[in-house]
2 protein chains.
Amino acid sequence: MARGRAPTVKDVAEHAGVSPGVVSRVVNANGSVSERTRKRVLASIKALDYRPHSAARELRTRTTNTIGLVLADVANPFFAHLAEHVVRHSAEFGLGVLLTTTQEDPAMELRSIELLMQKRVRGVIAAPGTGNAAAWRHMRDLGIDLTFVDRVIDRIPGIDVVGMDNESAAHAATTALLERGHRRIALVSGPSTTSTGRERIDGYRRALGEHDIAENPALVAELAFQRSGVENAVRAMAGLDEPPTALVVGNTAVSAHVVRYLQECGVRLPEDLSVVVFHDAEWAKLMTPQITVVRHQLDALARNAVEMLHSRMNSDEPLRRREIRLDSELVIRSSVAAPRKRRALLET
Amino acid sequence: MARGRAPTVKDVAEHAGVSPGVVSRVVNANGSVSERTRKRVLASIKALDYRPHSAARELRTRTTNTIGLVLADVANPFFAHLAEHVVRHSAEFGLGVLLTTTQEDPAMELRSIELLMQKRVRGVIAAPGTGNAAAWRHMRDLGIDLTFVDRVIDRIPGIDVVGMDNESAAHAATTALLERGHRRIALVSGPSTTSTGRERIDGYRRALGEHDIAENPALVAELAFQRSGVENAVRAMAGLDEPPTALVVGNTAVSAHVVRYLQECGVRLPEDLSVVVFHDAEWAKLMTPQITVVRHQLDALARNAVEMLHSRMNSDEPLRRREIRLDSELVIRSSVAAPRKRRALLET
DNA sequence: TTGTACGCGTTATCAG
DNA sequence: CTGATAACGCGTACAA
């Protein structure tokens, strides 16, 4: 719908009987201007409902107050909370957030990157997927500051990272199960092509090793971040001659599906299976039994990401690459118990 | 971090031995250009890694491919899913999405509006709160196309709306309970200052009326979209001489808290209380019993919103205001049953 | 303290 | 089919 053109500095200047330069100085609290004319200009601005044109300003100053946020799937409660916090903290810095979603699809991620580069965003916060290392590096080389959250692509140096200490978290979760007497502990994790997947598997392994338990490959399932594959993986593990007595789910994208499928199969928690899940989603505390979770500091994660990006954006010095790892907390709930007598997990 | 300036049309033109205008025509598939030079220009673009500068283009063409999305709280699963779908469908149209969050705070909403106006976004999709009717109207008057989702501010004509048929949904939910023999049905809804709150209360009332039941004000709680107030409201209703035997929760922001508090109080579902909740969140099907829900067509909601906005953006004709109401589906699960013998709901 | 003039990168117009 | 030129709205040196 076409409307009358929005007022410009020129209009304001005319209305106030000054020159455009003066108006600019007023709105940007830049150069000096007499109090009298300042008042007059301010009045004209209000009178005309003047609003500086972002694009023009960006063009002239060669900078924006917009950042990009690239996540896999905002419908995933983990990313949803992360997004909410990032948006809130960005607003505190006066930064707008251009949100983009990839569905874990490298092609979509590439399109996101391309969009953000055209928009010349000032910086980007991203939970990177796999396969676009070159594109991310390119982005950084072009001067767009970059902060990775949650995940790392360790092939790319010079990019700040803020994530969780996944190794320790997985270690703690596994150890808690071991200490309750479990010996056959299964792990459903994300792909080991992602940093989070790798780190969580590492922590799991370390815990097993410390208890002199040989790792059983059949008990480790690397699932893509999609619903498909969940049922097969669960059935495969449950159908083993010696099925697991405990399960750690380190893949937030599928954890609800895993738990739901266990329910559907009639697996009783924690009698038949003890369960620990990464991320303290809403449902964890609503279920019966309440699910033991690894609780992340999502707000701190977001705050650090925004702050790191912001500081980097405002310093010409290419600071050394920083990496922050936040501790997670193991919240024991009733889905964890000592193993019971051996029996088949599923009636097949 | 300062980097060498990005290449411009001028650079590309030089490199290809043509004029800037030709380059522009090539990238925009606009005017006509000989195949030979087109190839050459394309090669130069690739060679220099040229990317059109969004801001410059916006300045010149007086238009953007960015829209705003204003929601209350992306951490709320309802809005999270909505956001995901909006972002995805927008991407299909080549639209970037500037996400903003208000926490149901009018002041934050106003800041969002201001940000989006400065950015001169092409259009906005918003679930508007209360108290900024004038600002929204102003935005529309300035030529920014507007589509409201989920909620309506009916004081503002000329703005497209796509929402759910809340009245029917609440009516259906209430009726399902009535038909199972419930007579004392409670309702926890959002503030009646919001359209969704009002409509859901209306539907609830109509259902009661059709069954010749007088409305009991003590059984209707209008809760703000915040956690606080949940416990008091629940306790107040449970403490009545004649406590409700069924409950409809029409406020997605607090529904999980309501259910959790009921659990904590030892209220058994559905024996002590039948429950229906708006929005089919992840946890509804994970709980024991599984919760009966009103399931919305969130993807259709988002798709319609984006499509309406897109069509409006691309037609100079100020089309008549359109309003779309999507049906919701009542998904009966085991949290609903016939009322049992009367007993106190809480041991006080 | 204020005004002027130029350039940011792009596209539309108009001659050639 | 191509090239030159102006203008989009703003900030900023520099001159007044």
Side-chain angles (χ1 to χ4, degrees), chain A residues 2-42 44-45 48-66 117-122 142-143, chain B residues 2-42 44-45 48-66 117-122 142-143:
Chain A
R3 284 295 185 291
R5 275 184 14 277
T8 74
V9 262
K10 211 171 167 184
D11 298 321
V12 176
E14 246 172 65
H15 184 277
V18 296
S19 76
V22 178
V23 177
S24 175
R25 275 169 249 156
V26 171
V27 310
N28 298 315
N30 209 342
S32 52
V33 33
S34 84
E35 191 56 21
R36 228 177 66 77
T37 55
R38 213 181 70 86
K39 292 278 190 205
R40 220 170 51 240
V41 169
L42 251 28
S44 298
I45 288 179
L48 298 185
D49 189 37
Y50 165 75
R51 228 174 306 267
H53 192 304
S54 244
R57 186 180 269 178
E58 287 176 27
L59 189 57
R60 174 67 227 217
T61 63
R62 311 173 139 284
T63 183
T64 329
N65 63 153
T66 303
M117 297 195 56
Q118 288 212 184
K119 290 259 189 268
R120 302 289 200 276
V121 292
R122 184 83 173 284
L142 258 43
Chain B
R3 285 295 185 293
R5 273 182 19 274
T8 73
V9 262
K10 212 172 166 184
D11 298 322
V12 176
E14 246 172 64
H15 185 276
V18 296
S19 76
V22 177
V23 177
S24 174
R25 276 169 250 156
V26 170
V27 311
N28 297 315
N30 210 340
S32 52
V33 33
S34 83
E35 191 55 23
R36 229 177 66 77
T37 55
R38 212 181 69 87
K39 294 276 189 206
R40 219 171 52 240
V41 170
L42 251 27
S44 299
I45 288 179
L48 298 185
D49 189 38
Y50 165 75
R51 227 174 306 268
H53 193 304
S54 244
R57 186 178 271 180
E58 287 177 27
L59 187 57
R60 173 67 225 214
T61 64
R62 312 171 139 283
T63 183
T64 328
N65 63 151
T66 303
M117 298 195 56
Q118 288 212 184
K119 291 259 187 269
R120 301 290 200 274
V121 293
R122 184 83 173 284
L142 258 44

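If you're wondering where the values come from, they're calculated on a predicted model, not measured in any experiment. A, B, ... follow the sequence lines: proteins, then strands. Residue 1 opens every chain. The analysis underlying the following values was restricted to heavy atoms, covering all of them including side chains, and did not include hydrogens, waters or symmetry mates.
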Enquirer: Got a sec, which residues hit side chain to side chain donor-acceptor pair (under 3.5 Å) with A:Arg51, two or more places apart in sequence or on another chain?
Expert: A:Asp49, B:Glu114
Enquirer: Over the length of the helix from C:dT1-D:dA16 to C:dG16-D:dC1, how much do the five-pair end axes diverge, rounded to 10 degrees?
Expert: 40°
Enquirer: So, the side chain of B:Arg38 versus the backbone of B:Val33: is there a donor-acceptor pair under 3.5 Å, distance only?
Expert: no
Enquirer: What is the 5' to 3' range of DNA chain C, first to last nucleotide, that sits under 4.0 Å from any heavy atom of chain A?
Expert: C:dT1 to C:dG9
Enquirer: So, applying side chain to side chain donor-acceptor pair (under 3.5 Å) with A:Arg122, which one of A:Thr66, A:Asn65, A:Thr64, A:Thr63 is it?
Expert: A:Thr63
Enquirer: Look at all strands and tell whether A:Val23 reaches a base, only sugar-phosphate, or nothing, counting heavy atoms closer than 4.0 Å.
Expert: nothing
Enquirer: Across nucleotides 7-16 of chain D, 5' to 3', mark each nucleotide with B, S or - according to how protein heavy atoms within less than 4.0 Å reach it.
Expert: BBBBBB----
Enquirer: For B:Thr37 and D:dC1, is the shortest distance between a side-chain N/O and OP1 or OP2 below 4.0 Å?
Expert: no
Enquirer: Can you tell me how far apart NZ (A:Lys119) and OG (B:Ser54) are? Round to the nearest 0.5 Å.
Expert: 3.5 Å
Enquirer: Suppose we screen for salt bridge (charged side-chain N to carboxylate O under 4.0 Å, His left out). Which residues come up paired with B:Arg120, at least two apart in sequence or across chains?
Expert: none
Enquirer: Check A:Arg25 against A:Gly31 and note the closest heavy-atom contact, atom names and distance.
Expert: CG-N, 3.7 Å
Enquirer: How long is the span from the NE2 atom in B:His53 to the CZ atom in A:Arg62, to the nearest 0.5 Å?
Expert: 7.0 Å
Enquirer: So, taking the atom named CZ in A:Arg57 and the one named CG in A:Asn28, what distance separates them when rounded to the nearest 0.5 Å?
Expert: 5.0 Å
Enquirer: Per the side-chain contact (heavy atoms from CB on, under 4.5 Å) rule, which among A:Val26, A:Val18, A:Val22, A:Ile45 passes with A:Arg40?
Expert: A:Val18
Enquirer: Mind listing the side-chain donor-acceptor pairs of residues 7-15 of chain B below 3.5 Å, one per line with the distance, residues two or more places apart or on another chain?
Expert:
| unit_1 | atom_1 | unit_2 | atom_2 | d |
| --- | --- | --- | --- | --- |
| B:Thr8 | OG1 | B:Lys10 | N | 3.1 |
| B:Thr8 | OG1 | B:Asp11 | N | 3.4 |
| B:Asp11 | OD2 | B:Thr8 | N | 2.8 |
| B:His15 | ND1 | B:Ser44 | OG | 2.8 |

